[in-house]
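A quick write-up on the structure given underneath.
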Amino acid sequence: SLCGSAPTLSTVCGFDHVAYSKSSDGYYLSINGQRMEDPVFICEVLESYFKSGCLLCDSQVESWRRIGEEYCNQDFTVPVGVKCNPNSVDLLRKAGRKILLQSSANASKLDQLTSKSQSLKEELDIKYSSASDSFSLAVPGMFLLCCAFMCPCFRAKRREAIEHNVLDRHLNSNSTSSVEVSSASERIPATPLRIPPSPSRFSLSPQLTRIGSVHLGINQIIKATRNFSPSLKLGEGGFGAVYRAVLPDGQVVAIKRAKQEQIPALRDEFSNEVELLAKVEHRNLVRLLGYTDKGNERIIITEYVPNGTLREHLDGHHGKILDFNQRLEIAIDVAHALTYLHLYAEKTIIHRDVKSSNILLTESYRAKVSDFGFARTGPTDTEQTHISTKVKGTAGYLDPEYLRTYQLTPKSDVFSFGILLIEIFSGRRPVELRREKDERITVRWAFKKYNEGNLRDILDPLMEEVIDEQVLGNILSLAFECVAPTRADRPDMKEVGEQLWEIRKEIGKSLRRA
Ligand SMILES: Nc1ncnc2c1ncn2[C@@H]1O[C@H](COP(=O)(O)OP(=O)(O)OP(=O)(O)O)[C@@H](O)[C@H]1O
């Protein structure tokens, strides 16, 4: 069978190091040390190999063809005139250049960006155990970095995993969960800039017991939440369940209780959230009021934000649909919150998990950024441009450069914000696997529409207003700047906030003129 012969399925076709390995859960492909898993682009890329002539050089071409047939349900016929090309890297590069000439520089950047972030997104969705035996093949990086293959023999199992992890997460549930790539810290990124993981995650200090304005013992918390009554449960995230509670003085708070079974593993996350929340005070950030770190309980008490999450509103779960101005105000609020974290908090704070389910809304539709479970303090030393750390965050919002290098900077939040901005105005989640193939990656789909001049197609169809195309264009081009594949090309959060503010001012002026 194909899988039986899989370890001999080796191709030399370029310069990237690609390992086809076996682990306890089946076969997988990794490129330059990165495990890859991408059901969306897999067939596109396979096709591109055939078209380039790359796979034709491979004695295993028949096996590859069978993968195409079985996995993609497609017959990858080789285009007439294409011959085995051992230098297909050049060929692919030329193809790349042609694309570059055809579209704007941004278009090509975005192409790389979306494909990379998508493949890595999938990688994040499924955690693997480490590989046992492996072999290598080399293929053109430009395409392969974007994508991955699957052996048909592990297809069924993989599909199950993908369906479970990705479809459930993105389609069947209303929230997108945060994940951690636990193997990341073990990998050596290909960068001379890498520094050892920073010990800057400071531990709980005695002063912290004095933080916040709410001091409750565990018994008082049990009373306030009616023994963590399911009827008071607001939701559940990676850290644990969140309850609404009324304190004896009438104050309404949110109580976040760590999952019992995960307390040892959550210790870092708990202290992280507490310490960071304790240091921030901004009207667009959820305020920490108190915490309990006793015995077998880890509990955080925060300000209660009464109007649900941004994602729920985009899904129409709260009845009224957010109008254009409300969406713009929400985007500005989030930009302000992140600017504060990056620039004005006691230390640079990188949120690392900016997403629509972490944006809570007040009754007047002002946004508050919550969930600091993954937040990290940024570089402390002015010489230092980044910190190196495990990759954490949520699939679809993750900065591809951070994924590749494990170097975290505030620009990773800028990337997530760009994805969020498109989500806010399109209503679409970053990844929607139930859509047509070319619409699944929202940022890619939006960029195509934008380039074709069909800006209005991007707008959330639930919004009934007619939006000025110039305004919409300005918002979208800002979002595309934020999601530039390299952080150097992204604006910082302060500039983003200022640009959004300008856009709002322009809207005000044109309304006055009308
Ligand atoms: N301060 C709050 N006020 C009101 N509701 C809240 C508050 N904090 C959280 N919630 C509700 O509880 C839910 C779970 O929140 P939590 O921050 O634990 O997880 P999440 O962001 O949905 O997921 P993950 O932990 O995977 O990022 C939220 O979706 C929201 O509905």
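In this chain, residues are counted from 1 in sequence order. What you are looking at is a predicted structure, and each value in this text was computed from that prediction instead of being measured. Whatever order the structure lists ligands and atoms in, that order sets their numbers, starting from 1.
Close contacts of ligand 1 with Tyr304, meaning ligand atoms under 4.0 Å from a residue heavy atom, involve 3 (N), 4 (C). Counting atoms of ligand 1 from 1 in the listed order, those under 4.0 Å from a heavy atom of Ala254 are 1 (N), 2 (C), 3 (N). For ligand 1, the atoms sitting less than 4.0 Å from at least one non-hydrogen atom of Gly235 are 12 (O), 13 (C), 14 (C), numbered in the order shown with element in parentheses.
Of all the heavy atoms of Asp353, the ones lying under 4.0 Å from any atom of ligand 1 belong exclusively to the side chain. Residue Glu303 touches ligand 1 through its backbone alone, judged by heavy-atom distances below 4.0 Å.
Residue Lys494 places its NZ atom among 12 or fewer non-hydrogen atoms of other residues, nucleotides or ligands, all under 6.0 Å distant. Heavy-atom contacts from other residues, nucleotides or ligands closer than 6.0 Å to CZ of Arg226 number 12 or fewer. Residue Glu465 qualifies as enclosed at atom CD: its count of foreign heavy atoms under 6.0 Å is above 12.
Aromatic ring centroids of Phe425 and Phe324 lie under 6.0 Å apart. Here the two rings, on Tyr365 and His313, have centers that are under 6.0 Å apart.
Looking at Val253, Val242, Thr362 and measuring to atom 10 (N) of ligand 1, the nearest heavy atom belongs to Val242. Of the candidates Thr302, Ile300, Ile255, Thr309, it is Thr309 that places a heavy atom closest to atom 29 (O) of ligand 1. Nearest residue to atom 14 (C) of ligand 1 from Glu236, Lys368, Arg311 is Glu236 (criterion: closest heavy atom). Ranked by closest heavy atom to atom 17 (O) of ligand 1, the top entry among Leu310, Ile301, Asp371, Leu289 is Asp371.
Taking 4.0 Å as the cut-off, Lys355 counts as a neighbour of ligand 1 on heavy-atom distance.
Residues Thr348 and Leu343 are not in side-chain contact: their nearest non-hydrogen atoms beyond the backbone lie 4.5 Å or more apart.
Considering backbone and side-chain N/O of Asn358, one or more are found under 3.5 Å from N/O of ligand 1. At least one N or O atom of Val305 sits closer than 3.5 Å to an N or O atom of ligand 1.
The side chain to side chain donor-acceptor pair (under 3.5 Å) search around Lys223 returns none, not counting sequence neighbours.
Side-chain contact of Asp413 with His342: a donor-acceptor pair under 3.5 Å is present, judged by distance alone.
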